[in-house]
Amino acid sequence: MSTATSNERYNAPDRERHWQSVWADARTFEADNGTDKPKYYVLEMFPYPSGRIHMGHVRNYAMGDVVARYRRARGFNVLHPMGWDAFGMPAENAAMERKTHPGTWTYENIAVMRDQLKSMGLSLDWSREFATCDPEYYAQQQRLFLDMLDAGLAYRRNAMVNWDPVDQTVLANEQVIDGKGWRSGADVEKRELTQWFFKITEFADELLEALDDLDRWPEKVRLMQANWIGKSRGIDIPFHRTDDGDPIHCYTTRPDTIRGASFIAISPEHPVAQSLAADHADIADFIAECRAMDTTEAALEKAEKRGIATGLTVGHPVDPDRTLPVWIGNFVLMDYGTGAVFGCPAHDQRDLDFARKYALPVANAFRMPGNNAEVADEALAPAKSETVVYIDHFAGITTATSQEGIDATIDWFEANGLGVGETRYRLRDWGVSRQRYWGCPIPVVHCPKCGVVPEKRENLPIKLPDDVTFDKPGNPLDRHETWKAVDCPECGGPATRETDTFDTFVDSSWYFARFCSPKAEAPVEPDAANYWLPVDQYIGGIEHAILHLLYSRFFTRAMKRTGHLDLVEPFAGLFTQGMVNHETYGSKETGWYAPSDVRLEGEGAARTAIVIETGASVPIGGVEKMSKSKRNTIDPTDIMAHYGADVARWFMLSDSPPERDVQWTEAGVEGAWRFQQRIWRLMADAMPRVGDAPTDKPDSLSDAALALQKSAHKAISSVSEAIETLRFNRAVAHIYEFTNVVADTLKGSKQGASGSTEDASFAWALRDALERLTHMLGPMMPHIAEECWARLGYNTLLAEAAWPDVDPALLVDDLMTIAVQVNGKRRDELEISRDADKAAVEAAALKLDGIVRALDGRDVKKVIVVPQRIVNVVA
RNA sequence: GCGGGCGUGGCGAAAUCGGUAGACGCAAGGGACUUAAAAUCCCUCGGAGGCAACUCCUUGCGGGUUCAAGUCCCGCCGCCCGCACCA
């Protein structure tokens with residue numbers, strides 16, 4: 001290696017390629033299934049192969065890599081794999097636009113992105129890589145499905161879906177914009193289709209209860225999942241029809257409002273409504289209108305509450321003298337509760353609006369203390385903790401609308417035979433059928449004689465056919481006659497393959513388990529899976545807080561029930577990182593300009609962005625998530641080619657706490673780059689002073705050497721703690737601080753007489769400090785750290801070296817500085833021995849100039865001494 | 001509407017046990033080196049006052065608890081996120 005001088009710059013791109021190939025050749029990061037070391041499984045959410053990596057990936061994978069490299073150095077057997085979430089619609093869209101096959105497009109993207117990830121220098125075990133579109137992967141997914149079918153965890157039923165009549169496919173709710181298909185622009189219809197479902201509701205209560213034990217998950221994510229599962233305790237109350245006595249069951253969580261009931265509203269899809277439609281044209285019309293209604297959230301928000309009277313009446317369950325009219329309401333959901341509700345206008349705003357519109361009566365069920373007014377335009381809705389005074393039935397039974405109060409009213413209904421308490425969930429079963437080509441085929445066959453028949457396991461995988469065309473809308477599988485035509489696995493007669501494929505969330509619901517044994521002939525190898533799982537640290541975006549993370553929790557339970565796994569929770573630790581933002585340049589009017597298209601001028605409020613090509617001035621907009629539409633993206637490849645991967649990683653870990661959004665700035669990257677060069681110069685300047693430092697710690701250290709050693713041990717301790725708690729920004733700050741100490745120490749020291757004891761102890765301490773600094777840099781800037789390691793004379797790899805030990809004795813100082821306050825205001829500080837007793841501290845504090853001056857002759861009333869922390873003199 | 005989070009310098013942020021508010025970085029200003037620039041190094045850097053020693057103010061706003069509050073409690077204001085015809 002050449003001898004660097006202070007002027008020589010560190011050539012990051014060149015050295016990074018070198019170390020990447022060294023790691024690859026040594027197979028440094030390939031994990032063994034089972035060693036006597038403790039295991040640690042680090043996983044970042046695998047990417048969709050869209051074509052190029054973006055800064056969000058860089059941030060995500062940089063964080064995961066810090067954890068992986070740190071744990072490896074701490075003696076763990078680390079599994080840190082990478083793969084591709086490779087099925088999905090963009091590949092089909094690309095196929096339509098570019099006339100390529102979705103598979104070709106996907107695998108080409110994977111090749112590009114793999115190279116990009118490799119240039120980041122991540123400590124990944126590439127030998128375990130797979131894509132979910134590999135037949136070897138989806139074959140095992142089909143096997144899992146058949147097992148789940150056997151276990152009753154998968155089933156088929158009719159369901160209402162968003163149907164795009166032009167593209168001829170089901171659309172997810174997110175793909176319906178203003179009632180129109182996002183691609184075709186066609187009016188979306190509601191259509192009833194037979195769909196495959198996974199029975200996630202089977203585990204509703206368990207998925208909810210187990211959240212309490214996920215103590216290394218963000219509280220926010222656990223709350224979001226709890227809300228999504230939406231457990232509620234209520235009661236099913238039958239209201240009997242006055243004509244034939246048949247009950248209409250209404251579900252409510254507020255049985256205490258029964259006195260205020262003034263009508264019943266049923267869903268347009270309710271069986272009673274459906275049967276009335278046969279004889280009444282106006283009701284049939286109303287139902288048809290409701291069905292055509294736009295179902296997007298935004299539209300529902302604005303949608304008018306409308307209804308039609310059925311002419312039916314029911315008896316009031318508690319008050320035999322009263323009858324209530326039955327209405328059909330467009331706001332009643334068939335798939336929540338019983339599809340029927342009783343309206344209580346006095347205490348529910350929506351019911352009140354409805355009652356006013358159709359002139360229905362309004363009756364109070366209770367009054368709130370100090371409020372005896374009749375309900376006018378606003379419903380009387382108490383907070384859960386507020387005490388209310390009931391009228392009639394519940395007078396004396398409940399005193400509050402708390403859960404205890406509600407439970408008491410439920411008991412009352414049950415005791416009187418008027419209803420049955422029920423626990424309900426908002427969570428619905430997971431519909432997984434998609435009318436798409438580029439997904440995992442659902443391995444079943446439709447036989448005219450035997451009905452729906454599961455494929456035989458020996459016929460798996462049911463592979464996607466390659467000869468498909470995308471010149472027509474709809475699912476190419478559906479018009480592929482030879483692929484569709486099969487013999488029935490049961491009777492051998494002519495039958496048809498299922499042409500729906502799985503939702504791509506199925507693919508990502510168990511990939512973490514597959515990484516344990518990616519080549520296995522079964523979905524997982526139990527020994528490998530039980531060794532590695534659960535994932536110790538999972539890192540990804542908050543946008544997956546519900547869907548992916550809930551589905552994975554379900555799948556793990558399903559895989560336990562079907563005998564594949566021996567655990568229920570896949571991710572012991574979860575971390576959700578923030579986004580990468582950038583300023584925007586331009587506006588809707590001027591169009592948006594990429595950061596490389598503009599030149600920035602001026603400062604503060606006078607800053608302007610000039611379009612380089614035209615010289616036009618455009619507005620500088622807000623700091624927003626990097627996105628193609630606003631063109632405020634920075635390509636990681638450019639950054640890595642220019643500054644190197646270490647710099648990109650370092651900047652992504654600096655400054656902002658990892659869970660918060662970080663702003664990408666040119667100045668910030670340059671700061672990271674300067675730091676890298678500074679490390680390089682520091683090594684170059686310090687190595688001559690290290691010279692032939694003794695390898696063993698000298699018996700006694702000079703003051704300077706001891707001070708440096710203490711700083712080094714404190715820094716290692718702080719950085720370790722910061723990494724373990726995933727506070728990477730603090731780890732970065734501690735490294736900066738320690739780098740400053742080493743540089744200052746070097747500058748402040750003079751070379752003594754050659755061979756002197758003092759000089760030898762300094763050389764030893766300096767060398768030790770540089771080694772420790774190198775270790776600290778390792779997880780974050782792994783390439784330059786290897787370079788420093790080599791420079792320190794090692795011919796081993798830092799990536800395989802053990803994290804340095806900390807001597808606790810070096811973390812404490814004998815002398816310490818504590819603040820001294822007078823009446824709570826700092827007036828001076830005291831340097832005193834760490835173990836000075838209270839009396840000594842008090843005496844010394846009262847003698848300080850600043851304290852004497854502040855007291856100004858006043859009597860001391862009291863002195864509070866908190867040893868090793870503070871003294872407060874009360875005067 | 002329901003649930004949750006956050007408000008600290010010009011900026012990103014530290015201070016997570018109630019104990020010196022602003023570590024560390026960025027930006028900015030001044031200086032050294034240089035023919036010059038870049039790079040590098042040194043100094044200043046929350047606000048106000050003062051020649052200085054130093055004093056006063058300061059963690060969204062208003063109260064409170066405490067010897068001591070960015071941190072705990074009560075009440076406001078603002079921003080962000082999630083869920084939502086959920087009965």
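Treat the numbers as computed from the prediction; the structure is a model and nothing was measured. Just the heavy atoms: all of them, side chains too, but no hydrogens, waters or symmetry mates, feed the values below. So that the names make sense, note that chain A is the first sequence line, chain B the second, and so on, each numbered from 1.
- A donor-acceptor contact under 3.5 Å is formed by the side chain of N872(A) with the base of C67(B).
- Pairing partner, G3(B): C81(B), with both Watson-Crick or wobble hydrogen-bond distances short of 3.5 Å.
- Atom-to-atom, CZ of F651(A) to P of A13(B) comes out at 12 Å; the value is rounded to the nearest Å.
- At the heavy-atom level, R222(A) lies nowhere under 4.0 Å from the strands shown.
- Note that CD1 of I639(A) is 6.0 Å distant from CD of E666(A), once rounded to the nearest 0.5 Å.
- One finds no side-chain N or O of R674(A) lying less than 4.0 angstrom from the OP1 or OP2 phosphate oxygen of A39(B).
- Rounded to an integer number of Å, the gap from CZ of F354(A) to P of A87(B) is 18 Å.
- The aromatic rings of F354(A) and F331(A) lie perpendicular to each other, with more than 60° between the two planes, well past the 30° mark.
- Look at N740(A) and you'll find a side-chain N or O under 4.0 angstrom from OP1 or OP2 of G25(B).
- Base orientation of G9(B): syn (glycosidic angle within 90° of 0).
- Residue D348(A) is classed as having no contact, given no heavy-atom separation below 4.0 Å to the nucleic acid.
- With no hydrogens or angles considered, no side-chain donor-acceptor pair links H316(A) and R259(A) at under 3.5 Å.
- Backbone-only engagement by E737(A) is indicated by non-hydrogen atom pairs under 4.0 Å involving sugar-phosphate atoms exclusively.
- Put simply, CG on L550(A) is 15 Å from C1' on G82(B), counting in whole angstrom units.
- Pair assignment for G18(B): none, as no Watson-Crick or G-U wobble contacts are both less than 3.5 Å.
- When rounded to the nearest whole Å, the span between CD1 of I851(A) and P of U55(B) equals 10 Å.
- Atom CD of E670(A) and atom P of A28(B) are 11 Å apart (whole Å).
- R350(A) has a side-chain polar atom (N or O) that falls below the 4.0 Å cut-off from OP1 or OP2 of C86(B).
- The number of heavy-atom neighbours closer than 6.0 Å to NZ of K357(A), taken from other residues, nucleotides and ligands shown, is above 12.
- One can place CD of E219(A) at 15 Å from C1' of C81(B), the figure rounded to the nearest angstrom.
- For the pair W650(A) CH2 and G12(B) P, the interatomic distance rounds to 21 Å; values are reported in whole Å.
- Under the Watson-Crick or G-U wobble criterion, with both distances below 3.5 Å, U34(B) is left unpaired in every strand shown.
- Taking the P atoms as reference points, C56(B) lies 45 Å from G3(B), given to the whole Å.
- Distance CD/E422(A) to OG1/T253(A): 12.5 Å, rounded to 0.5 Å.
- The aromatic rings of Y251(A) and Y336(A) sit perpendicular, their planes meeting at an angle over 60°, well past the 30° parallel limit.
- For N729(A), a side-chain nitrogen or oxygen approaches OP1 or OP2 of A14(B) to under 4.0 Å.
- Between the CD1 atom of I870(A) and the C1' atom of A21(B) there is a distance of 12 Å, given to the nearest Å.
- In this structure, V866(A) reaches the bases: a heavy-atom distance under 4.0 Å links it to at least one base atom across the strands shown.
- Within 4.0 Å (heavy atoms only), V332(A) reaches at least one base atom of the nucleic acid.
- For K825(A) and C57(B), the shortest distance from a side-chain N or O to OP1 or OP2 is below 4.0 Å.
- Between R426(A) and the phosphate of A84(B), there is a side-chain N or O to OP1/OP2 separation shorter than 4.0 Å.
- OP1 or OP2 of U55(B) has at least one side-chain nitrogen or oxygen of R827(A) nearer than 4.0 Å.
- Side-chain N/O atoms of K862(A) and base N/O atoms of C67(B) include no donor-acceptor pair closer than 3.5 Å.
- The side chain of Y336(A) places an N or O atom within less than 4.0 Å of a non-bridging phosphate oxygen (OP1 or OP2) of A87(B).
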